[in-house]
Amino acid sequence: MRADRLVATLLLMQSRGRVTAAEVAAELEVSVATARRDLEALSAAGVPVYPQPGRGGGWSLVGGARTDLSGLNEPEARALFLLAGSSAGAEPEVRSALRKLVRALPQTFRADAEAAAEAVVVDPARWGQHDRTRPGVVTLLQRAVVGRRRVRLVYERSGVRSERLVDPWGLVDKDAIWYLIAGTDRGRRTFRVDRVVDAVITDETAARPADFDLATAWEEVVGDMERRRGAVAATALVSAELLPVLRDQQGRHCEVDGPAEDGRVRVRVTAPSANMVARQLAGWGADVEVLGPQAVRDELAALGAELIERYRR
């Protein structure tokens, strides 16, 4: 008899008040006989469950009794604590929730859950960089998303401030930079939260498309951004030793085309403009040879001339 099925049966009774063995069987996809045995096992184990015979009868919790059982099985509990525990150090609410959840778990799961919560620490700061603090307005925007309330934003971009009334649909944390995906009078828009100067939740109900899916929407945002960031592509030759470093620096904007005849590796590096491609590669000096396009080579020559002029003795 599976403990997680007994927990699921108990949670079902809590949500519905009274159930029949047939209803439990249909919900948990077991036979009616198995469901009846599970209900009897709960009663035998001391859980205040009792049967009521006759028309309109079924199984109920005595006096509407409730339990703190979470309904998680052991692998689910371990996975949850591995995920949540890594961020618990900075979030008092998360730590509090984990403590409550540990107490709600069956005794046999607790040791593994507590170990999982302490198994991972996430340090979001890269080497040589300061840790990025979460903008305070994120909490306000989270409340607006969950509460389906419109938000009036004061947004600043390139030194220009504007006021927007938006329908907040979801928030995304990408490499410690937060983004708000929202509906506006011009359609869906994405806002960097660190550019939000002020935000006020209104009493107006936010409109949200019935088919909106945050993960899908973010994939579309990322795809559009990557296409814009890859508007100009340069072909270059690099040594095999340098290739891993260059790929780590450029990420998905460095693609390997294959080996060159002289033993070097042919790569394709992309950026929004020829000047930006040149600036990204100029620091490698002669270790990277750009074959084309000519616009990038011209930008590299101009950068080289500027450096010679600046640092000539």
Student: Spell out, as yes or no, whether a donor-acceptor pair under 3.5 Å connects the side chain of Thr184 to the backbone of Arg186.
Tutor: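 Side chain of Thr184 to backbone of Arg186, a donor-acceptor pair under 3.5 Å: yes, one is there.
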Student: Decide side chain to side chain contact (heavy atoms under 4.5 Å, CB included) for Glu289 and Leu291; before the verdict, give the C-alpha distance in whole Å, the side-chain angles of both, and the deciding distance to 0.1 Å.
Tutor: CA-CA 6 Å; Glu289 180 184 355; Leu291 303 179; 3.9 Å; yes
Student: Looking only at heavy atoms, which two atoms of Val145 and Gly170 are closest? And how far apart?
Tutor: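 Answer, listing the atom of Val145 first, then Gly170: CG2-N, 4.0 Å.
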Student: Can any side-chain N or O of Tyr155 pair as donor or acceptor with the backbone N or O of Arg192 at less than 3.5 Å?
Tutor: yes
Student: With rounding to the nearest 0.5 angstrom, report the CZ to OG1 distance, Arg150 to Thr205.
Tutor: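 Atom-to-atom, Arg150:CZ and Thr205:OG1 are 9.0 Å apart.
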Student: Are Val137 and Val151 grouped together when hydrophobic residues (ILVMFWY) are joined by side-chain heavy atoms under 4.5 angstrom apart?
Tutor: yes
Student: Which atom pair, heavy atoms only, marks the closest approach of Val32 to Ala22?
Tutor: CG2-CA, 4.2 Å
Student: Can you give me the closest heavy-atom contact between Val277 and Ala234, atom names plus distance?
Tutor: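 Nearest heavy atoms, Val277 then Ala234: CG1-CB, 3.7 Å.
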Student: Say you draw a straight line from CZ of Arg164 to CZ of Arg152; how long is it, rounded to the nearest 0.5 Å?
Tutor: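 Going from CZ on Arg164 over to CZ on Arg152, the span is 13.0 Å.
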Student: Specify whether Phe212 and Trp169 have parallel, tilted or perpendicular ring planes, treating 30° as the upper limit for parallel and 60° as the lower limit for perpendicular.
Tutor: tilted
Student: In this structure, which one of Val19, Thr34, Asp38 forms a side chain to side chain contact (heavy atoms under 4.5 Å, CB included) with Val24?
Tutor: Val19
Student: May I ask you to decide if Thr235's main-chain N or O and Arg266's side chain share a donor-acceptor pair within less than 3.5 Å?
Tutor: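 No, Arg266 side chain to Thr235 backbone: no donor-acceptor pair under 3.5 Å.
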Student: Is the shortest heavy-atom distance from the side chain of Met225 to the side chain of Val222 under 4.5 Å?
Tutor: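 Side-chain contact under 4.5 Å: no.
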Student: Is there a continuous path of hydrophobic side-chain contacts, each under 4.5 Å between heavy atoms, that joins Val193 to Ile177?
Tutor: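 No; Ile177 is not reachable from Val193 via cluster members.
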Student: To the nearest 0.5 angstrom, please state how far the CG atom of Asn275 sits from the CD atom of Gln280.
Tutor: 10.0 Å
Student: Counting only heavy atoms not in Arg208, do more than 12 fall under 6.0 Å of its CZ?
Tutor: yes
Student: Hey, mind stepping through Glu156 and Arg161 against salt bridge (charged side-chain N to carboxylate O under 4.0 Å, His left out) and telling me if it holds?
Tutor: CA-CA 4 Å; Glu156 182 174 327; Arg161 291 191 179 186; 2.8 Å; yes
Student: Which distance, rounded to the nearest 0.5 Å, do you find between the CZ of Arg157 and the CZ of Phe191?
Tutor: 10.0 Å
Student: Please name the pair of heavy atoms, one in Ala21 and one in Ala35, separated by the smallest distance, quoted to 0.1 Å.
Tutor: O-CB, 3.4 Å
Student: Is it true that Arg18 and Ser60 share a donor-acceptor pair across their side chains at a distance under 3.5 Å?
Tutor: yes
Student: Evaluate Glu204 against Leu165 for side chain to side chain contact (heavy atoms under 4.5 Å, CB included), listing each step before the verdict.
Tutor: CA-CA 10 Å; Glu204 300 178 51; Leu165 183 62; 4.1 Å; yes
Student: Side chain to side chain contact (heavy atoms under 4.5 Å, CB included) between Arg279 and Leu303: does it pass, once the steps are laid out?
Tutor: CA-CA 8 Å; Arg279 288 180 180 276; Leu303 288 172; 4.1 Å; yes
Student: Quick one: do Leu237 and Leu246 end up in the same hydrophobic cluster if we chain Ile, Leu, Val, Met, Phe, Trp and Tyr together by side-chain heavy atoms under 4.5 Å apart?
Tutor: no
Student: Does Val166 belong to the same Ile/Leu/Val/Met/Phe/Trp/Tyr cluster as Val138, with side-chain heavy atoms less than 4.5 Å apart forming each link?
Tutor: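 Val166 and Val138: one cluster.
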Student: Measuring from atom CH2 of Trp178 to atom CD of Gln142, what distance do you get when rounded to the nearest 0.5 angstrom?
Tutor: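 Reported to 0.5 Å precision, the distance equals 5.5 Å.
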Student: Please tell me if the side chains of Thr270 and Glu255 come closer than 4.5 Å, counting only heavy atoms from C-beta onward.
Tutor: no
Student: Any side-chain heavy atom of Arg264 sitting closer than 4.5 Å to one from Leu242?
Tutor: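 A side-chain contact under 4.5 Å is absent here.
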Student: Might you point out which heavy atoms bring Ala206 and Pro168 nearest each other, and give the distance in Å?
Tutor: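 Distance-wise, the nearest heavy atoms are CB-CD, 4.0 Å.
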Student: Applying side chain to side chain contact (heavy atoms under 4.5 Å, CB included), run through Arg297 and Gln294 and close with a yes or a no.
Tutor: CA-CA 5 Å; Arg297 292 170 59 90; Gln294 188 59 43; 3.7 Å; yes
Student: If two hydrophobic side chains count as joined below 4.5 Å and joins carry through other members, does Met276 share a cluster with Val296?
Tutor: no
Student: Taking the side chain as everything from C-beta on, heavy atoms only, tell me whether Ile181 gets closer than 4.5 Å to Arg188.
Tutor: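 Yes, close enough: below the 4.5 Å cut-off.
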Student: What is the distance from atom CG of Leu153 to atom CG of Leu141, rounded to the nearest 0.5 Å?
Tutor: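 Rounded to the nearest 0.5 Å, the CG-CG separation comes to 6.5 Å.
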